[in-house]
Amino acid sequence: MIRYDDTNDTSILQYAKKLEGKSFSEVVKESNKYLNEDGDSVLHEDKAEYYSDTKSKGSLGHLIEEYYFGYDINSNQEADFSKTGLELKVIPLKEVRNKISVKERVVITIINYDTIIDEPFENSHVVGKLSSILMVFYLHDGSGEKLNYRIKNVYHYTVPYEDYLIIKRDYDLIAEKVRAGKAHELSEGDTLFLGACTKGANKSALRTQPNNDVLAMQRAFSLKISYMNYVYSNYVTRKSAPPEKIIKDSTQLLEKSFEEIVLEMLVDYYGKSKSELLDMLGLSYEKEPKNILTIIIYRILGVKTNLAEEFAKANIDVKTIRLNDKNKINEHMSFPTFKFTEIVNQDWTESDLHNIFNEKKFLFVVFEIGSDNEYRLKKALFWNMPMDTLNGPVQDTWQAAKTVVENGLVLKNHGSRTTNNFPSASYNRICHVRPHAQNKDDVYPMPDGTFYTKQSFWLDKSYILKIINGCDK
DNA sequence: GCATGATCATGC
DNA sequence: GCATGATCATGC
């Protein structure tokens with residue numbers, strides 16, 4: 001029985017749309033594929049375990065291929081719907097505090113370090129596999145009962161032209177890094193939409209690389225979680241008005257990288273004071289908001305809110321940094337609080353802190369105070385954390401914090417003040433733990449049932465200073 | 001002046 | 001009410 005025309009994307013999508021609302025066990029049941037003696041469809045006995053085992057991650061995709069679209073599972077590099085070049089991706093969503101977001105990056109294909117150095121993007125497997133994707137989103141409810149997970153949305157994604165141009169540059173950057181013998185230094189934060197994510201049975205799956213004897217972690221091209229979240233919330237479900245783009249004319253991306261364009265937009269304003277900038281931008285406030293410098297940056301970039309489409313897709317955060325009259329930074333840089341009860345159950349690579357610095361890129365914008373006591377725009381730069389810092393000092397701090405929570409806090413009284421034994425600012429001058437709360441009664445529970453003031457990880461101001469002075473490597 | 005603890009301001 | 005970015009306050 002032919003249920004769709006496999007030479008026609010519209011027909012495939014129309015048929016696929018009927019998946020919405022079904023659980024995976026319903027898909028099997030309605031497939032009429034393997035019937036038991038009662039005439040019900042069941043999982044083929046050879047594969048029942050594979051499809052229901054929590055550990056076999058790709059299996060829900062295979063289940064859809066086999067039971068819904070009725071073709072054999074292929075692991076070759078051809079497109080799933082080979083006649084139209086359409087790729088199928090079955091993508092988990094998660095729900096946290098009533099908010100649904102994409103659970104994982106979407107892996108496209110393994111990076112072959114040996115061939116990428118000679119293979120232009122246009123001829124690569126990756127461009128073929130991400131240009132046209134049938135995205136099947138299901139809600140991963142965390143129960144582990146995979147077959148009960150329910151499909152929420154089906155969407156035919158085709159890569160927008162401006163995204164294609166950015167993804168091509170991402171590919172070129174990854175290829176260039178491999179060509180330079182730096183495959184072992186690849187990081188997801190290097191690129192904007194197309195990331196080089198680790199891929200393997202364990203995180204230490206190593207491969208050889210050309211132009212360097214150092215082994216590199218196996219990695220795959222993937223659409224970043226931030227990119228997928230943008231796709232989901234703005235293209236698939238369209239819940240709210242999308243943020244504005246910074247790049248209004250996408251042909252600019254033919255000449256320059258996104259980062260170059262952004263930095264050039266800011267260069268014109270270097271040396272200008274806060275009040276001059278407010279004037280130039282036509283802004284005035286009765287009472288200046290605390291994030292005035294961030295507002296200024298977004299307005300320079302031509303965006304009316306403190307959100308930009310490209311920053312959302314690429315997981316870029318704007319951080320303003322103030323230099324005092326001695327050219328030092330006054331404050332360390334804070335990041336979100338962590339939960340004591342979560343950190344004790346997490347491994348480093350799945351921790352929030354690892355995910356932040358592994359995936360995020362920062363636009364650091366430096367303001368310097370002048371003799372007139374006014375801040376002036378000094379410079380701006382993009383930065384993401386190098387792998388050896390992430391898996392060195394930052395991991396050390398995280399591990400030390402985890403150990404403190406595991407073993408129980410040790411508090412000491414010094415007169416009116418009480419100190420704890422979390423890794424403090426003097427720990428390694430890169431990353432430390434400090435309170436981050438409304439006040440000291442704003443607490444999270446400890447594993448032992450006691451409560452302690454919310455804490456977060458901070459980057460040391462002396463480390464930030466090295467970064468903005470270009471001396472962090 | 002730094003280290004560390006404590007808190008503010010804004011937006012959702 | 002809370003998450004998040006940012007800054008203040010005190011003791012040594």
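Both backbone and side-chain heavy atoms feed into the values below; hydrogens, waters and symmetry mates do not. Lettering follows sequence order; numbering is per chain, from 1.
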[Y] and [X] side chains, donor-acceptor separation under 3.5 Å:
X	Y	answer
Y427(A)	D396(A)	no
S351(A)	K402(A)	no
T349(A)	D347(A)	no
T397(A)	N428(A)	yes

Touch check for [X], heavy atoms < 4.0 angstrom, all strands: base, sugar-phosphate only, or nothing?
X	value
F422(A)	nothing
S334(A)	base
T320(A)	sugar-phosphate
D317(A)	sugar-phosphate

Check: M280(A) and I300(A) side chains under 4.5 Å, non-hydrogen atoms | no
What string of B, S and - do you get for nucleotides 5-12 of chain B, 5' to 3', if B is base contact, S is sugar-phosphate-only contact and - is no contact with any protein heavy atom under 4.0 Å?
-> BBBBBS--
Rounded to the nearest Å, what distance is computed from the [atom1] atom of residue [X] to the [atom2] atom of nucleotide [N]?
X	N	atom1	atom2	value
K461(A)	dA3(B)	NZ	C1'	9 Å
D325(A)	dG1(B)	CG	C1'	13 Å
N306(A)	dT4(C)	CG	P	16 Å
I329(A)	dA3(B)	CD1	C1'	17 Å
F338(A)	dA3(C)	CZ	P	14 Å

Can you say whether the rings of Y171(A) and F121(A) are parallel (under 30°), tilted (30 to 60°) or perpendicular (over 60°)?
-> tilted
Aromatic ring pairing W458(A)/H432(A), orientation class (parallel under 30°, perpendicular over 60°, tilted between) = parallel
On DNA chain C, nearest-nucleotide positions of H332(A) versus P336(A): which is more 5'?
-> P336(A)
N or O in side chain of Y444(A) less than 4.0 angstrom from dC2(C) OP1/OP2 | no
